[in-house]
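To start, the structure under review is shown below, and the notes come after it.
Excluded from the calculations below are hydrogen atoms, water molecules and symmetry mates; all remaining heavy atoms, backbone and side chain alike, are included.
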2 protein chains.
Amino acid sequence: MSDKKISTAVIKRLPRYYRYLGELLENDIVRISSNELSQRMGVTASQIRQDLNNFGGFGQQGYGYNVNHLYKEIAKILGLENHYSVIIIGSGNLGQALANYTDFEKRGFVVKGLFDVNPRLVGISVRGMDVQDMDQLKDFVVENNIDIAILTVPKTKAPAIANDLCEWGIRGIWNFAPVDLQISNFDVVVENVHLSESLMTLSYRIKDSY
Amino acid sequence: MSDKKISTAVIKRLPRYYRYLGELLENDIVRISSNELSQRMGVTASQIRQDLNNFGGFGQQGYGYNVNHLYKEIAKILGLENHYSVIIIGSGNLGQALANYTDFEKRGFVVKGLFDVNPRLVGISVRGMDVQDMDQLKDFVVENNIDIAILTVPKTKAPAIANDLCEWGIRGIWNFAPVDLQISNFDVVVENVHLSESLMTLSYRIKDSY
DNA sequence: TAGATTGTTAATCGATTAACAATC
DNA sequence: TAGATTGTTAATCGATTAACAATC
């Protein structure tokens, strides 16, 4: 646990810095100043320096930041040098789509299993794995030390499953169900992807731009 | 275009209010005070009242808010009484998953067509629609007055497609590609869903909770 | 009417930006 | 060394919370 509290605003900007640095790296750019990065990203240089200095002094006066070094440091901050064992609960369209998203594996998130209640889905092969029945879930989570569960189940099912997962020692839940999971275990982290809400925000802004 | 500027923080909270009100409605709850809603949602009553009063006085002193009325008002604010014609560009796993997500249609977002460059996908049927080749895109967008494009294509392809869409009169882009689209047309709204970034945020918080 | 609760103003808090001394 | 650019403090801005008069 880090000592000083980092605001979520800062944390949510880190992956974007990481993405831009990755692109710079692909273009063989060795160093970058906060000022140049700020122009590319459309944020202030001040904000970049403030954000980074929450975690350490990664730059050098008169020079800027070494792209490769900063890229790796942000990976460390984000925990991307770790290896996470992931399961997908709910193997419908979205679950399968996420299972097939190879980018996640590159970042250390390895899908170890898929689950569903639907007998039509149980047994089908997704990315080389057979979808398992939900009654296999507990044993699988415990035996394989699963770190992260991706929840792509209906909103009615999600809360009970989430509670079970917490008891079975999961570390994080990536929740795609349109509910706010009430997790009493402080060691379990929930990150929500509420697609409907994102779409409504788009709708608001379209409407507003008339 | 509304007169006073509403902050994005407020806008992003509206769909969550909408979701909670929908649940209250399902449970036949007729009225609710900002105080009770605040406890259910885990926000302050002050914030709820402030947020809502950006758009009008929907409550009544001594009574609170009529759930049904407020629900409908928020739908109006979010533009959910409108009917949007939607296309999906990129008909891989994620595109198909989104096409099959019936909840969107309930909210007025009607998928009118799917597109892909991949000859293996062109012609397959997704939710009763044949995936079309990308060379059909322009005519389809123009002839069908498409409002919203869902972009589930690789990041290398997204910017050029987005530019074309703007020229062809699209109103909004729901972008799932991990790039920041640079749109010069101020009438076109972009909403990003950066799944990798969401997952990295989860990773950060898992790491941090050790 | 009395009680409850909103709408709204004022106070506080936190996040962003600006400025500049430190230093490479 | 001189120039550039960071790290960091101080100033500003905006968002959240508290308080309360208005009013149903």
Exercise. Hey, does the side chain of Tyr65(A) come within less than 4.0 Å of dG7(D)'s phosphate (OP1/OP2), counting only N and O?
Worked result: yes
Exercise. When you check the phosphate oxygens OP1 and OP2 of dT6(D), does a side-chain N or O of Arg49(A) lie under 4.0 Å from one of them?
Worked result: yes
Out of [options], whichever nucleotide has its closest atom nearest the side chain of [X]:
{"X": "Gln61(B)", "options": "dT17(D), dT5(C), dG7(D)", "value": "dT5(C)"}
{"X": "Thr44(B)", "options": "dT17(D), dT16(C), dT5(D)", "value": "dT17(D)"}
{"X": "Ser7(A)", "options": "dA15(C), dA19(C), dT6(C)", "value": "dA15(C)"}

Are the aromatic ring centres of [X] and [Y] under 6.0 angstrom apart?
{"X": "Tyr17(A)", "Y": "Tyr71(A)", "value": "no"}
{"X": "Phe109(B)", "Y": "Tyr84(B)", "value": "yes"}
{"X": "Phe104(A)", "Y": "Tyr101(A)", "value": "yes"}

Per the atom types in the model, does the base of [N] pair as donor or acceptor with the side chain of [X] at under 3.5 Å?
{"X": "Gln50(B)", "N": "dT9(C)", "value": "yes"}
{"X": "Ser46(B)", "N": "dA18(D)", "value": "yes"}
{"X": "Glu36(A)", "N": "dT5(D)", "value": "no"}

Tell me the interatomic distance from [X], atom [atom1], to [N], atom [atom2], rounded to whole angstroms.
{"X": "Asn53(B)", "N": "dT17(D)", "atom1": "CG", "atom2": "P", "value": "16 Å"}
{"X": "Ile48(A)", "N": "dT16(C)", "atom1": "CD1", "atom2": "P", "value": "13 Å"}
{"X": "Asp51(B)", "N": "dT16(D)", "atom1": "CG", "atom2": "P", "value": "7 Å"}
{"X": "Ile11(A)", "N": "dA15(C)", "atom1": "CD1", "atom2": "C1'", "value": "14 Å"}
{"X": "Gln39(A)", "N": "dT5(D)", "atom1": "CD", "atom2": "C1'", "value": "14 Å"}
{"X": "Arg31(A)", "N": "dA4(D)", "atom1": "CZ", "atom2": "C1'", "value": "8 Å"}
{"X": "Leu70(A)", "N": "dT6(D)", "atom1": "CG", "atom2": "C1'", "value": "13 Å"}
{"X": "Leu37(B)", "N": "dG7(C)", "atom1": "CG", "atom2": "P", "value": "13 Å"}

Problem set entry | Residue whose nearest DNA chain C nucleotide is more 5′ - Gln60(B) or Gln47(A) | Gln60(B)
For this session: Could you tell me whether the side chains of Ser198(A) and Glu191(B) share a donor-acceptor contact shorter than 3.5 Å?
Result: yes
Exercise. Are any side-chain N or O atoms of Arg49(A) and backbone N or O atoms of Gly59(A), one a donor and one an acceptor, separated by less than 3.5 Å?
Worked result: no
For this session: Measure from NZ or CZ of Arg31(A) to the centre of the six-membered ring of Tyr63(A) and say whether it is under 6.0 Å with the direction within 45° of the ring axis.
Result: yes
Problem set entry | Side-chain ion pair, Glu105(B) and Arg127(B), N-O less than 4.0 Å | yes
For this session: Would you mind reading off the bend of the helix from dG3(C)-dC24(D) to dC24(C)-dG3(D) from its two end axes, five pairs each, to 10 degrees?
Result: 10°
